[in-house]
Novice: 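This is the structure I want to talk about, given as structure tokens.
Heads up: numbering here begins at 1 and tracks the sequence.
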Amino acid sequence: MRQIKAVIQYNFMGFYKKPKVILTFLLGFILCFLLSSRIMPVIQAYKSPVQMLEPFLWTFGDTTAILLSSVLLLLLFSDLPVLSAITPYYLCRTTKKRWLFGQLFYVAAVSGIYTVFMLGATMILCAKVGYPGNIWSNTAAMLAYSKLGEDLNIPSTVKVMESVTPYGCTAQVILLLFLYILCLSFIVLAGNLLPGKNRGLVAGLLFCLYGFLLEPKVLRVLLGFEEYEMFRVNVLIGWISPLSHASYGRHNFGYDRLPTVWQSCVVFLILLGVLIWFCGRRMKYYHFVFLGEKD
């Protein structure tokens with residue numbers, strides 16, 4: 001564990017000074033600002049305070065927001081696994097497996113930091129009108145019990161408000177978002193362990209494209225389905241689309257055959273297990289190339 005910890009610590013050296021890290025988090029904050037701007041007019045128009053976590057729930061309960069926020073991580077993790085001048089030293093002092101576990105824990109830690117950052121960004125943007133009490137606001141009730149939430153594409157629904165409190169809902173949304181981001185990050189890492197250049201970036205883009213194409217609205221247009229034909233399709237998409245598994249509003253709250261939140265977590269954990277196994281297999285055949293300084 002000491003050797004794995006040393007690899008993680010070295011990967012984090014100068015982390016917040018790297019241009020790509022600064023750019024990723026800056027773009028993430030801008031994205032939160034743009035996505036939360038659709039609910040600010042509602043709050044200002046009705047002059048009603050909101051629970052401080054509700055802006056995050058309304059922003060990242062939507063598949064489009066989850067997809068856009070996760071795509072930014074492709075920039076952050078484009079160079080995985082982290083290779084530097086000191087990597088040969090670590091490989092001489094430890095095994096490839098331990099070095100790989102260091103990379104995996106590093107990816108998990110960065111994914112967690114990014115998820116918490118998105119939560120904090122939405123809280124800061126709506127701090128003036130937020131309160132900490134663990135009870136849904138009148139604004140949330142208005143959006144849930146009327147068509148206004150549906151018209152504004154805000155995922156505040158009656159079934160969510162009746163089944164869980166804001167803090168409990170936030171914990172589940174963070175968990176789903178973190179697992180989705182972690183799967184995307186591990187796919188990038190697994191792709192970069194394959195022969196060739198930029199395989200990880202291509203794999204990450206394909207993973208995002210797969211989720212986008214399985215969006216019910218997109219699939220309905222592509223296949224020319226009528227609205228009444230989409231019921232079974234929506235259920236099928238809810239099980240096979242990773243983006244739907246990451247969206248809290250597309251889960252079973254006792255009304256349909258969609259997966260529950262915990263079933264989605266199991267799906268993500270199985271996918272992560274397969275990716276970790278694949279990365280471990282690829283490490284046996286991965287060839288490290290280090291270029292020395294030229295005279």
Side-chain angles (χ1 to χ4, degrees), residues 11 15 18 20-21 23-29 31-32 35 56 59-82 100-119 121 172-194 196-215 218 237-248 250-251 259 261 263-280 282:
N11 287 348
F15 177 78
K18 296 179 180 178
K20 65 177 183 179
V21 174
L23 180 61
T24 300
F25 282 87
L26 179 61
L27 291 175
F29 185 84
L31 178 64
C32 288
L35 292 174
F56 172 77
T59 300
F60 291 96
D62 180 49
T63 54
T64 303
I66 296 173
L67 179 63
L68 292 175
S69 62
S70 60
V71 166
L72 294 177
L73 284 179
L74 295 178
L75 171 64
L76 190 61
F77 291 131
S78 59
D79 61 345
L80 289 175
V82 179
L100 175 62
F101 272 109
Q103 302 295 321
L104 296 176
F105 283 120
Y106 164 75
V107 171
V110 174
S111 299
I113 292 172
Y114 183 76
T115 305
V116 173
F117 171 80
M118 304 299 275
L119 169 63
Q172 295 180 45
V173 170
I174 289 177
L175 179 60
L176 292 172
L177 181 61
F178 170 71
L179 289 174
Y180 177 80
I181 290 175
L182 193 59
C183 286
L184 175 61
S185 306
F186 279 13
I187 285 174
V188 175
L189 175 59
N192 284 337
L193 292 176
L194 294 172
K197 296 182 179 180
N198 300 323
R199 297 295 178 88
L201 182 61
V202 173
L205 288 173
L206 290 176
F207 181 75
C208 294
L209 180 62
Y210 171 72
F212 173 75
L213 292 177
L214 287 182
E215 182 71 13
V218 176
I237 290 174
W239 283 97
I240 66 175
S241 171
L243 199 55
S244 289
H245 280 294
S247 178
Y248 182 78
R250 294 189 178 179
H251 286 85
V261 172
Q263 286 173 334
S264 292
C265 291
V266 171
V267 171
F268 280 128
L269 290 175
I270 292 174
L271 179 57
L272 287 172
V274 173
L275 291 171
I276 293 173
W277 172 83
F278 179 80
C279 290
R282 283 302 310 168

Novice: Taking the side chain as everything from C-beta on, heavy atoms only, tell me whether I240 gets closer than 4.5 Å to Y210.
Specialist: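 Contact flag for I240/Y210 side chains = yes.
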
Novice: Check the pair F278, L194 against side-chain contact (heavy atoms from CB on, under 4.5 Å), reporting the backbone distance first and the verdict last.
Specialist: CA-CA 10 Å; F278 179 80; L194 294 172; 3.6 Å; yes

Novice: What closest approach, in Å, do G204 and L74 show between heavy atoms, and which atom pair accounts for it?
Specialist: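 That would be CA-CD2, 3.9 Å.
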
Novice: Write down the atom of S69, the atom of Y114, and the distance for their closest heavy-atom approach.
Specialist: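 Heavy atoms only, the tightest pair is O-OH, 2.6 Å.
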
Novice: What's the separation between atom CG in L177 and atom CE in M118, rounded to the nearest 0.5 Å?
Specialist: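 If I round to the nearest 0.5 Å, the distance is 7.5 Å.
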
Novice: Does the side chain of L214 reach to within under 4.5 Å of the side chain of L243, using non-hydrogen atoms?
Specialist: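 They are not in side-chain contact.
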
Novice: What are the two closest heavy atoms between I66 and A246, and how far apart are they?
Specialist: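 Nearest pair, atom of I66 first, then A246: CD1-O, 3.3 Å.
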
Novice: Show every donor-acceptor pair shorter than 3.5 Å between a side-chain atom in residues 179-186 and any protein atom, with sequence neighbours excluded, or say none if there are none.
Specialist:
unit_1: S185; atom_1: OG; unit_2: S111; atom_2: OG; d: 3.3
unit_1: S185; atom_1: OG; unit_2: I181; atom_2: O; d: 2.8

Novice: Check whether any side-chain heavy atom of P259 sits under 4.5 Å from a side-chain heavy atom of V267, and report yes or no.
Specialist: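 P259 vs V267: side chains apart.
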
Novice: Using ring-ring contact (aromatic ring centres under 6.0 Å, His included) as the criterion, list what pairs up with F117, not counting sequence neighbours.
Specialist: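 Testing F117 for ring-ring contact (aromatic ring centres under 6.0 Å, His included), a comparison that skips the adjacent residues, returns F25.
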
Novice: Is atom CZ of F101 surrounded by more than 12 heavy atoms (other residues, nucleotides or ligands) closer than 6.0 Å?
Specialist: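 No, CZ of F101 has 12 or fewer neighbouring heavy atoms, counting only those of other groups under 6.0 Å.
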
Novice: To the nearest 0.5 Å, what is the distance between CZ on F212 and CG on L68?
Specialist: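 Reported value, rounded in 0.5 Å steps: 10.0 Å.
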
Novice: How far apart are the closest heavy atoms of H245 and L176, and which atoms are they?
Specialist: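 In terms of heavy atoms, the two residues are closest at O-CD2, 3.5 Å.
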
Novice: Provide the closest heavy-atom pair for S247 versus T63 in the form atom of the first, atom of the second, distance.
Specialist: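 Taking every non-hydrogen atom into account, CB-CG2, 3.6 Å.
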
Novice: Find the distance between NZ (K20) and CG (L72) and round it off to the nearest 0.5 Å.
Specialist: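 Interatomic distance, K20 NZ to L72 CG, rounded to 0.5 Å: 14.0 Å.
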
Novice: Do L205 and L209 come close enough that some side-chain heavy atom pair is under 4.5 Å?
Specialist: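 Not in contact.
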
Novice: Supply the atom-to-atom distance F178 CZ to I113 CD1, rounded to the nearest 0.5 angstrom.
Specialist: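 Answer rounded to 0.5 Å: 10.5 Å.
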
Novice: Using side-chain heavy atoms (C-beta onward) and a distance below 4.5 Å, is L275 in contact with L271?
Specialist: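 A side-chain contact exists here, since the closest heavy-atom pair is under 4.5 Å.
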
Novice: How close do V261 and Q172 get, counting heavy atoms only, and between which atoms?
Specialist: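 Answer, listing the atom of V261 first, then Q172: CG2-OE1, 3.3 Å.
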
Novice: Quick check on side chain to side chain contact (heavy atoms under 4.5 Å, CB included): which of T24, L189, N192, V110 does F77 satisfy it with?
Specialist: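 By the side chain to side chain contact (heavy atoms under 4.5 Å, CB included) criterion, F77 pairs with just one of T24, L189, N192, V110: V110.
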
Novice: Counting C-beta onward and ignoring hydrogens, is there a side-chain heavy-atom pair between L27 and L23 closer than 4.5 Å?
Specialist: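 SC-SC contact between L27 and L23 confirmed.
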
